[in-house]
Amino acid sequence: MSLGEFDLIARYFDRPVRRSPLGIGDDCALLAPSPGMQLAVSTDMLVEGRHFLSTVAPDRLGHKALAVNLSDLAACGARPLAFTLALSLPRAEAPFLAGLARGLFALADRHDIELVGGDTTSGPLNLCITVFGEVPAGGALLRSGARPGDELWVSHPLHDDEPGWLGDARLALEVFRGTPGLHVPGEAFERLRLAMECPQPRVALGQALRGLATSTIDISDGLMGDLSHVLKRSGAVHGEAGRPLGARLEADWLPRSPLMRAQDDGRQLECLLAGGDDYELLFTAAPERHEAVLAAGRHSATGVRRIGHLTTGGGLEVVGHDGQRLATPWASFDHFRA
Ligand code: ADP
Ligand code: MG
């Protein structure tokens with residue numbers, strides 16, 4: 001039996017809301033941010049064949065669609081409130097929809113965010129989520145606050161077998177693509193695949209970094225590419241004339257999973273610096289706040305590692321253990337150039 005549009009919404013997506021004054025079922029949902037707070041809003045779309053492979057399990061797809069959006073709230077230091085889901089589906093298949101909803105709501109419940117509305121249409125498989133969060137007015141973490149001398153940090157999982165290690169999602173993609181010379185045993189591959197399919201948005205860390213980090217971004221297109229966004233936006237505010245903001249990254253300080261450590265140096269560097277789909281937070285903070293950043297990591301049960309510092313005039317350079325500059329010939333991911 002095939003489901004109609006409204007049965008489908010009622011069965012899989014309409015859940016009572018607790019915090020929002022009005023959820024699914026009317027022409028608009030209603031949100032009530034707390035007094036003194038600003039709304040933080042972000043949209044991210046997942047397109048089959050572009051952002052995920054057709055082989056992904058539906059619950060993981062539901063998880064990832066929300067996770068990449070929560071990651072944007074994390075990067076702003078926002079507390080999640082509500083989200084909408086615009087869904088385009090080739091067919092209304094019960095097992096697929098049940099799995100999708102399961103993965104979606106499991107993550108939503110973990111971060112106390114409610115589904116308040118959306119749109120459903122038939123068409124190529126495509127999920128577009130918009131998230132709404134709240135931050136104290138003027139307190140959002142931005143890309144534009146980094147200063148020369150700031151320390152550069154990246155988040156990471158606390159344990160070897162947790163998903164989220166930098167570059168692992170890219171390594172998984174390379175295995176799927178059948179890249180020559182890449183051999184990963186079955187059990188290890190499942191762990192890599194989890195990194196690609198189940199990113200862990202660093203929502204608690206983002207909030208703990210408010211008032212502490214000078215700039216924050218989540219790594220979605222690769223560390224170097226995303227860092228260059230920060231340098232550009234921060235440089236426009238805090239750079240000196242003729243001496244643009246730069247960064248010096250210590251390659252040996254980059255956190256990595258045991259599987260990553262087993263790869264050859266060139267592959268490690270490419271996955272770590274230009275991988276993408278990581279959803280860890282990359283942030284800067286004044287050196288005087290070093291201990292406070294470590295404490296923020298502990299309080300949010302998230303690993304944080306210093307990986308370099310910001311400079312003036314030097315561009316973005318990556319150095320090895322001997323201080324020699326390493327070649328980093330990769331471009332940041334671009335949908336219209338890839
Ligand atoms: P409208 O005609 O106003 O566009 P729809 O008929 O598209 O409304 O949707 C009916 C209700 O169901 C609306 O409240 C809408 O927000 C909600 N809705 C539609 N699709 C979804 C979905 N995929 N997830 C959550 N809510 C949805
Ligand atoms: Mg509609």
Side-chain angles (χ1 to χ4, degrees), residues 1-34 37-74 76 78-134 197-201 203 218 220 277 279:
M1 187 201 72
S2 100
L3 281 166
E5 178 185 336
F6 298 101
D7 304 329
L8 179 167
I9 296 166
R11 183 177 309 177
Y12 296 107
F13 299 114
D14 194 354
R15 298 202 317 179
V17 290
R18 291 161 285 112
R19 198 186 318 107
S20 310
L22 188 63
I24 288 172
D26 221 300
D27 290 307
C28 288
L30 298 173
L31 300 182
S34 317
M37 305 293 263
Q38 286 175 324
L39 276 182
V41 182
S42 179
T43 297
D44 254 319
M45 180 156 62
L46 293 192
V47 176
E48 182 172 13
R50 202 69 183 133
H51 301 94
F52 60 92
L53 306 169
S54 57
T55 50
V56 66
D59 57 330
R60 292 194 176 181
L61 183 59
H63 172 104
K64 186 164 179 179
L66 181 58
V68 302
N69 278 279
L70 283 169
S71 180
D72 286 322
L73 289 182
C76 284
R79 180 170 83 102
L81 292 177
F83 69 105
T84 60
L85 169 66
L87 192 57
S88 165
L89 286 170
R91 289 167 300 278
E93 285 173 346
F96 175 84
L97 283 159
L100 185 79
R102 192 168 54 240
L104 185 79
F105 285 122
L107 186 66
D109 290 344
R110 235 188 293 153
H111 291 283
D112 197 24
I113 187 167
E114 341 190 81
L115 178 58
V116 295
D119 196 25
T120 306
T121 165
S122 65
L125 185 57
N126 183 339
L127 295 93
C128 182
I129 286 182
T130 299
V131 280
F132 302 85
E134 64 178 18
E197 297 178 344
C198 291
Q200 305 296 312
V203 175
D218 69 317
S220 52
D277 247 1
Y279 306 102

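All figures in this text were calculated on a predicted structure; none of them were measured in a lab. Order of listing sets the numbers, starting from 1, for every ligand and every atom in it. This chain uses plain numbering: 1 for the first residue, then up along the sequence.
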Heavy-atom distance to atom 22 (C) of ligand 1: which of L85, L8, L104 wins?
L85
Examine E5 against ligand 1 and note whether any of their N/O atoms are separated by less than 3.5 Å.
no
Have a look at Y12 and tell me which of D7, L3, L100 forms a side chain to side chain contact (heavy atoms under 4.5 Å, CB included) with it.
L3
Strictly distance-based, threshold 3.5 Å: is any side-chain N or O of Q200 a donor or acceptor partner for the main-chain N or O of C198?
yes
Pick from D14, I24, L89: the one approaching atom 17 (C) of ligand 1 most closely through a non-hydrogen atom:
I24
Closest heavy-atom approach to atom 14 (O) of ligand 1 among I9, D26, L97 is made by D26
Report yes or no: is the cationic atom of R91 (NZ for Lys, CZ for Arg) closer than 6.0 Å to the six-membered ring centre of F96, at no more than 45° off its axis?
no
Applying side chain to side chain donor-acceptor pair (under 3.5 Å), which residue pairs with at least one partner in residues 125-134 are found, sequence neighbours left out?
S34-E134, T43-T130, R79-E134
Minimum non-hydrogen distance to atom 9 (O) of ligand 1, winning option of F83, F6, Y12, F13:
F6
Within 6.0 Å of CE in M45, more than 12 heavy atoms from elsewhere:
no
If every non-hydrogen atom of L81 is compared with every non-hydrogen atom of L39, which pair is closest and at what distance?
CD1-CD2, 3.9 Å
With respect to atom 25 (C) of ligand 1, which of A10, C28, G117, A101 exhibits the smallest heavy-atom separation?
G117
Considering only heavy atoms of T120, which atoms of ligand 1 have at least one such atom less than 4.0 Å away?
19 (C), 20 (N), 21 (C), 22 (C), 23 (N)
For ligand 1, note which part of V116 has a heavy atom under 4.0 Å away: side chain, backbone, both or neither.
neither
Is a salt bridge present between K64 and D44, judged by a nitrogen-to-oxygen distance below 4.0 Å?
no
Ligand 1 to D27, heavy atom cutoff 4.0 Å, flagged ligand atoms 3 (O)
